[in-house]
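Here the structure is laid out as C-alpha cells; the discussion comes afterwards.
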Number of protein chains: 2
Amino acid sequence: MLLAERHQLILEQLNLHGRITSVELAKSLAVSEDTIRRDLNKLGELKLLHRVHGGALVMQEDSPDYFDRLNTPDPSKKRFLEPALTMLEAGQTIVIDSGETCRYLAQNLPANLPLTVVTGCPLIVQDLMQHPQIQVIQIGGKMFKPAMRTVGHSAIEMLKQIRFDIVFMGICAFHAKHGFCVNYLEEAEVLRATIEQADRTVLMGPHDKLDKTKTYQIVPAHKINHVITDEGIRQDVQTSIQKLGIELTIVPNN
Amino acid sequence: MLLAERHQLILEQLNLHGRITSVELAKSLAVSEDTIRRDLNKLGELKLLHRVHGGALVMQEDSPDYFDRLNTPDPSKKRFLEPALTMLEAGQTIVIDSGETCRYLAQNLPANLPLTVVTGCPLIVQDLMQHPQIQVIQIGGKMFKPAMRTVGHSAIEMLKQIRFDIVFMGICAFHAKHGFCVNYLEEAEVLRATIEQADRTVLMGPHDKLDKTKTYQIVPAHKINHVITDEGIRQDVQTSIQKLGIELTIVPNN
DNA sequence: CAAAAAGATGCAAGTTAATGCAAATAATAC
DNA sequence: GTATTATTTGCATTAACTTGCATCTTTTTG
C-alpha cells in the first residue's frame with residue numbers, strides 16, 4: 001500500500017466516524033502503530049485532521065457554537081440561494097429549517113411571493129415577520145439550544161399534521177451510503193418527521209459537508225431529492241449522489 | 001475514549017444544560033471523578049467553561065449579562081419587574097407572554113434561577129436562549145403578526161398539555177366588570193387557554209390600561225390573581241380590583 | 001543495468017501523558 | 001460547630017508517544 005493511499009484511507013475513515021484511534025488504524029490498515037502515528041502527525045501538520053493524544057478527530061472548520069456564527073454571518077453562503085429560489089411558486093407551503101444557510105433563504109425570499117413558511121427556529125420566524133405576503137407557522141416544542149430549534153414529541157406531533165411542498169435544510173453531514181446525519185438524537189427525530197411530510201427535500205450547503213457522517217442518521221440518502229452545493233465537490237462524490245437519483249446543483253465558488 | 005473527545009462531550013453537555021456537575025459527568029462518561037475534575041480544570045484554564053466548586057457553568061465572556069446587549073427602548077417599564085421577580089422560585093414552570101413589559105421580565109430573569117419558561121413569542125425565546133439555567137418551551141402555531149405570538153388551534157392544544165405555576169401577561173385592557181380584554185379574537189382564544197392552565201395569573205402594566213376594555217374578553221376579572229401597576233391608578237379602580245380578591249402591587253413612578 | 005540516494009517501515013528503548021486510587025485539604029451543607 | 005461533599009496532591013500503572021537505528025523498497029542517476 002502506498003503512503004498517499006493510506007493517508008487517503010485515514011481521512012476517509014475519519015470523515016466517516018469523526019474520530020479514529022491510532023490502534024484501530026494500525027489494525028485495519030495492517031501497519032505498525034508507529035507508522036500510523038507518523039501519518040497522523042503529518043496529516044495534522046497539513047491541517048487535514050486534528051491530531052490528539054490517542055488518535056485524531058475531524059477538523060472543525062465551522063464553529064460549534066451557534067451564537068458565534070450568529071454574530072458573524074458568512075455572506076458566501078448566499079450563493080446557494082439562487083437555485084433554491086427558482087423552485088418556489090406562489091401558494092406553496094415550505095419548511096425552512098434552522099441554520100445559517102437557511103436563514104439567508106428566509107431573509108431573501110422575494111417580497112411578492114405568497115407562501116406559507118413552517119419552521120422550528122424562532123430566528124427565522126423573526127426574519128419573516130416583516131414579510132408582507134408570508135404566513136409563518138412556528139413548530140412548537142422544547143427549545144434545543146445547540147440547534148436553535150424546537151424538538152421533542154410536541155414538535156413531531158405538530159409536524160405530522162402539515163404537508164409540505166418543499167423542505168429546505170442545511171447539509172449537516174451527507175453521505176451516499178450513510179445518509180443524511182446530525183449530531184443530536186432529538187434533532188434527528190424532528191428532521192426525520194419533517195422530511196416524512198414533504199414532497200421534496202432540498203439540502204443546501206458547502207461541499208465539505210458531503211461524504212461526511214455524524215452520529216444520528218435522519219434518513220437514508222435516497223430520501224433526499226435535491227442537493228445544492230459548490231464547485232469543490234469531488235467527482236466520485238458527485239457520481240455517487242447522482243447514481244441515487246438525487247438532483248445535484250453545483251453553484252460557482254464566487 | 002479519547003481525551004479530546006471527552007472534552008468535546010463535556011462542552012456539548014455544558015452548552016446543552018448550561019451547567020454540569022462532576023459527578024454527573026463521571027457517571028455519563030464512565031471515568032473517575034478525578035479525571036473529570038482534571039478535564040474541567042483544563043477546560044477552565046482554556047476559558048472554555050467556567051469552573052466552579054462541584055462542576056462547571058457555561059462561559060459568558062462575550063456577554064457578562066446575557067440581556068444587556070438587547071436594546072432597551074422604554075426602561076420605565078422595568079419598574080414592574082421587581083415584584084414579579086420576587087414571585088419566582090426555582091423549578092417553577094411559568095408563562096411569559098409577548099409584549100414589551102413581558103420581554104423585560106424575560107431579559108431580567110436572574111442567571112442562577114432554574115425555571116421552565118413557556119412562551120408563544122419568538123423574541124422571548126431568543127432572549128432566553130443564552131440563559132444558562134432556563135428551559136424554554138415554544139408554543140407552536142400560526143404566527144400572529146400584530147401580537148408577535150403564535151395563535152390558533154395547534155397553539156391551544158399544546159397549551160392544554162402543560163400546567164403553569166404562574167402566567168405573566170401585559171395588561172392590554174383590564175376592567176373590573178368587563179374583565180381582561182384584547183383586540184383580536186385569535187389572541188383572546190390563546191390567552192384564555194393559557195390562563196386556564198395556570199395556578200396564578202399576574203398582569204403587569206401601566207395604570208392607564210386599567211378600567212379600559214377592548215373587543216374580546218379573555219377571562220372575567222376574577223380569574224386574575226395579581227395586578228402589578230404604577231402609582232397613577234385611581235382610588236376607585238384600586239378598590240374595585242381589590243374587592244374582587246385580586247392582589248394589587250403598586251410600584252413607584254420613578 | 002547497477003549503484004547511490006531517498007523514503008518508508010518496524011523494532012527497541014526511553015519519555016511523556018493519562019488515569020485511578022488513596023490520603024490530605026478545602027468548600028459547602030446542616 | 002460537625003458532617004458531608006468536592007477538591008487537590010502524590011504515586012503507581014498503563015497507554016501513547018518519540019527517537020534512533022536497521023532493513024527494505026522505490027526512485028534517481030550515470
Side-chain angles (χ1 to χ4, degrees), chain A residues 1-60 64 215, chain B residues 1-61 64 86 88-92 110-115 131-134:
Chain A
M1 174 184 299
L2 299 174
L3 178 139
E5 217 177 341
R6 196 173 57 237
H7 283 186
Q8 195 60 48
L9 287 171
I10 289 174
L11 290 174
E12 255 171 53
Q13 284 294 306
L14 196 57
N15 269 341
L16 216 51
H17 303 113
R19 63 177 288 276
I20 199 78
T21 66
S22 313
V23 180
E24 284 165 4
L25 279 174
K27 222 173 271 182
S28 80
L29 300 178
V31 289
S32 76
E33 291 180 29
D34 305 66
T35 301
I36 293 298
R37 288 193 188 101
R38 276 186 275 245
D39 290 341
L40 293 182
N41 289 342
K42 174 64 66 87
L43 292 169
E45 279 170 32
L46 297 172
K47 308 281 181 204
L48 294 172
L49 50 74
H50 180 45
R51 180 74 165 104
V52 297
H53 191 94
L57 303 173
V58 285
M59 262 295 165
Q60 282 190 319
T215 314
Chain B
M1 173 181 300
L2 301 173
L3 178 141
E5 218 177 340
R6 197 174 56 235
H7 283 185
Q8 281 188 1
L9 287 171
I10 289 173
L11 291 173
E12 230 169 74
Q13 284 295 307
L14 194 59
N15 277 332
L16 216 50
H17 302 115
R19 60 178 289 281
I20 198 79
T21 67
S22 313
V23 180
E24 284 166 2
L25 280 174
K27 220 173 273 182
S28 81
L29 299 177
V31 290
S32 76
E33 291 179 30
D34 305 66
T35 301
I36 293 298
R37 289 192 189 101
R38 275 186 275 245
D39 289 341
L40 294 181
N41 290 342
K42 173 67 65 86
L43 292 169
E45 278 171 33
L46 297 172
K47 307 285 179 200
L48 294 172
L49 51 73
H50 181 45
R51 180 76 166 103
V52 295
H53 192 95
L57 303 173
V58 285
M59 252 306 160
Q60 286 164 328
E61 77 294 322
T86 63
L88 299 175
E89 287 168 33
Q92 284 179 330
N112 61 349
L113 185 66
L115 292 172
H131 194 293
Q133 303 245 50
I134 287 182

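Each chain gets a letter, A, B and so on, in the order the sequences are listed, and its residues count up from 1. Just so we're clear, the structure is a prediction, and the values are computed from it rather than from any experiment.
The heavy-atom pair separating A:S22 from A:L40 by the smallest distance is OG-CD1, 3.8 Å.
Distance CG (A:L3) to P (C:dA6): 18 Å, rounded to an integer number of Å. When the P atom of C:dA17 is taken as reference, atom CG of B:L2 falls 17 Å away, rounded to whole Å. If you measure from atom CG of B:L25 to atom C1' of C:dT19, you get 16 Å, rounded to the nearest angstrom. Between the CG atom of A:D39 and the P atom of D:dC17 there is a distance of 13 Å, rounded to whole Å. D:dA15 atom P lies 17 Å from atom CE of B:M1, rounded to whole Å. At whole-Å resolution of the value, CD in B:E5 and P in D:dA16 are 13 Å apart. At whole-Å resolution of the value, CD1 in A:I36 and C1' in D:dT18 are 16 Å apart.
To the nearest 0.5 Å, atom OG1 of residue A:T21 and atom CG of residue A:L25 are 6.5 Å apart. Within the model, atoms OG1 of A:T35 and CZ of A:R6 stand 5.5 Å from one another, a figure rounded to the nearest 0.5 Å. Distance check, rounded to the nearest 0.5 Å: CG of B:D34 to CZ of B:R38 gives 5.5 Å.
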What does nucleotides 4-10 of chain D look like as a protein-contact string, B for base, S for sugar-phosphate only, - for none, at under 4.0 angstrom between heavy atoms?
--SBBB-
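Taking only side-chain nitrogens and oxygens, B:R6 never comes nearer than 4.0 Å to OP1 or OP2 of C:dA18. Within the 4.0 Å cut-off from OP1 or OP2 of C:dG20, at least one side-chain nitrogen or oxygen of B:T35 is found.
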Counting only pairs under 3.5 Å, give me each side-chain donor-acceptor contact of residues 42-57 of chain A, with atom names and distances, residues two or more places apart or in other chains.
| from | atom 1 | to | atom 2 | distance (Å) |
| --- | --- | --- | --- | --- |
| A:R51 | NE | A:N41 | OD1 | 2.8 |
| A:R51 | NH1 | A:G55 | O | 2.9 |

A:E12/A:L9 under side chain to side chain contact (heavy atoms under 4.5 Å, CB included): CA gap, chis, key distance, verdict:
CA-CA 5 Å; A:E12 255 171 53; A:L9 287 171; 4.3 Å; yes
